[in-house]
Amino acid sequence: MRIPQERLEKYRNLKREFSEEDHVNLQPIQRGGVLSEEAMRAIIEFGDGYSTCDWCPPKSARLDMIEKPPIKDFYNDLAEFLGMDLARVVTRCREAKFIAFRMLGAPGDYVVVDGLAHYSSYIAAELAGLKVKEVPVGGPPEYKVDLDAYAAKIEEVKGETGRLPAAVLLTHVDYQYGNVNDAEVVGKIARDYGVPFILNCAYSAGVMPVDGKNVQADVITGSGHKSWAASAPTGILALRKSLEEKLLRRASIQGDLTSRSFVSKELALLGCTVMGAPLLTLIASFPAVVERIEKWDEEVQKARFFVGELERIQGVKQVGDRPKRHTLIHFETEPFFRVSQSHKRKGYFLYDELRARKIVGIQPGLTKHFKLNTYGLTWEQVRYAAQAFLEIAEKYGLEVR
Ligand SMILES: *Cc1c(COP(=O)(O)O)cnc(C)c1O
């Protein structure tokens with residue numbers, strides 16, 4: 001069918017809601033995915049469809065074998081950087097989890113997950129035909145996952161099914177409170193039971209140091225667009241050599257007429273995964289990522305400073321780990337909610353006030369509690385954003401200490 005030109009007009013000149021250059025963006029999922037300059041250039045260079053495939057080796061035709069651009073070397077360096085043996089780039093963190101669940105489990109098996117796991121962990125389990133057993137989360141104000149309870153949950157699965165769970169998954173840093181879990185505790189429990197340990201590093205690897213070897217992770221999953229200064233969709237699947245045969249099993253199917261087979265293709269990766277621009281942004285940002293994780297302590301200092309400033313507003317309270325050990329911050333902000341009740345814009349007043357000060361990223365309409373992320377902002381931007389919240393509080397007569 002022919003689409004009339006005037007209907008196509010809106011597709012021609014696409015613009016983002018705001019520009020990163022002249023706004024302070026506090027959006028929790030966006031801070032770690034701001035592109036490096038090298039990645040910006042890679043998008044232009046490799047924007048064409050299968051642009052990575054110029055030098056695909058004819059025998060082992062597979063993305064991870066390509067040496068020009070240096071994809072093969074990158075996969076090796078990526079694995080080493082994470083303290084793992086092998087790495088693959090997939091479309092998203094959730095796909096990495098799905099691949100791990102699907103290849104480690106059989107339908108009906110359990111996977112043990114922390115009660116703060118991301119929704120995509122549950123969906124990945126469901127699509128892989130697995131059931132979940134949740135490890136409980138403690139109450140306010142810290143909402144800590146009871147890591148020792150992984151042992152009891154593994155026992156529970158054993159009692160119920162007569163089998164061990166297919167895997168245990170720990171969310172290294174959760175999306176709700178930005179709490180950093182001690183992965184070593186779960187790594188040890190998993191090792192004692194001989195259950196594969198999947199560490200979901202969507203909010204950690206790429207922004208802070210992660211050493212899979214140290215914590216005895218069997219699989220690490222990561223998100224390029226969340227934490228590696230890369231475009232979407234990019235995810236990371238890193239694993240121990242001992243799981244290579246399971247997770248990266250080759251295809252064995254054969255055509256019944258042609259007898260064609262595809263023995264070099266990795267089954268769960270459907271042969272090749274992310275080709276073209278998104279993969280190349282991840283690669284181009286890698287040197288910057290290797291460097292930036294060394295400055296994690298300072299990023300945490302900025303987050304703590306921000307918490308200290310906002311808590312000068314009477315009634316505003318940071319929940320989760322205290323003091324902060326990550327830059328994703330969850331605030332309870334009852335006083336702003338009280339303001340919203342009598343404001344003609346209701347909950348949107350806070351968004352409006354921030355937006356007027358060129359600050360974005362707090363979910364529009366939210367005032368009772370909200371999340372934000374200070375990762376990668378300059379000190380000047382962090383001070384400016386904190387000052388803006390204090391100004392808004394004073395404007396509406398809230399008490400500021
Ligand atoms: C954001 C997030 C994900 C999703 O990452 P994708 O790469 O978009 O699949 C998974 N897990 C956690 C803990 C997250 O915070």
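Predicted model only: the values in this text are computed from it and were never measured. Just follow the structure's listing: the first ligand is 1, and inside any ligand the first atom is 1. Just so you know, residue 1 is the first one in the sequence shown, and it goes up from there. What's counted below: heavy atoms across the whole structure, side chains too, no hydrogens, waters or symmetry copies.
- Checked for salt-bridge contact, R41 and E38 miss the test: no charged N lies under 4.0 Å from a carboxylate O.
- Both tests pass for R16 against the ring of F18: distance under 6.0 Å to the centre and angle within 45° of the axis.
- Of all atoms in ligand 1, listed by their number and element, those nearer than 4.0 Å to a heavy atom of R92 are 6 (P), 7 (O), 9 (O).
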Table please: side-chain donor-acceptor pairs of residues 356-367 below 3.5 Å, with sequence neighbours left out.
{"from": "R357", "atom 1": "NE", "to": "E391", "atom 2": "OE1", "distance (Å)": "3.3"}
{"from": "R357", "atom 1": "NH1", "to": "E353", "atom 2": "O", "distance (Å)": "2.9"}
{"from": "R357", "atom 1": "NH1", "to": "E353", "atom 2": "OE1", "distance (Å)": "2.9"}

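- Nearest to atom 5 (O) of ligand 1 among the protein's heavy atoms is C93 CB, 3.4 Å.
- Each of the following atoms of ligand 1 lies closer than 4.0 Å to a heavy atom of Y203: 15 (O).
- What sits closest to atom 11 (N) of ligand 1 on the protein, heavy atoms only, is N200 ND2, 2.9 Å.
- Atom numbering of ligand 1 starts at 1 in the shown order; those under 4.0 Å from a heavy atom of A202 are 2 (C), 3 (C), 10 (C), 11 (N), 12 (C), 14 (C).
- Of all atoms in ligand 1, numbered sequentially from 1 with element shown, those under 4.0 Å from a heavy atom of T171 are 13 (C).
- By the 4.0 Å N-to-carboxylate-O rule, D54 lies too far from K68 to be salt-bridged with it.
- Side-chain contact between L243 and L104 is present, with at least one heavy-atom pair separated by less than 4.5 Å.
- Proximity to Y175 (heavy-atom distance under 4.0 Å) selects the following atoms of ligand 1: 15 (O).
- Set against the non-hydrogen atoms of K97, the atoms of ligand 1 under 4.0 Å away are 10 (C), 11 (N).
- Atom 9 (O) of ligand 1 has R94 NE, 2.6 Å as its closest protein atom, hydrogens excluded (heavy atom only).
- The shell of residues lying under 4.0 angstrom from ligand 1, judged by heavy atoms, includes S120.
- Contact of the I236 side chain with the I220 side chain is not registered, since no non-hydrogen atoms from C-beta on lie closer than 4.5 Å.
- Using cut-offs of 30° and 60° for the angle between ring planes, the F81 and W228 rings count as perpendicular.
- In terms of protein heavy-atom proximity, atom 2 (C) of ligand 1 is nearest to K226 NZ, 2.5 Å.
- Heavy-atom contacts from other residues, nucleotides or ligands closer than 6.0 Å to NZ of K317 number more than 12.
- Residues R31 and E299 are not paired through a salt bridge, judged by the lack of any N-O separation under 4.0 Å between the basic side chain and the carboxylate.
- For ligand 1, one of its N or O atoms has an N or O atom of H225 under 3.5 Å away.
- The shortest N or O to N or O distance between S223 and ligand 1 is below 3.5 Å.
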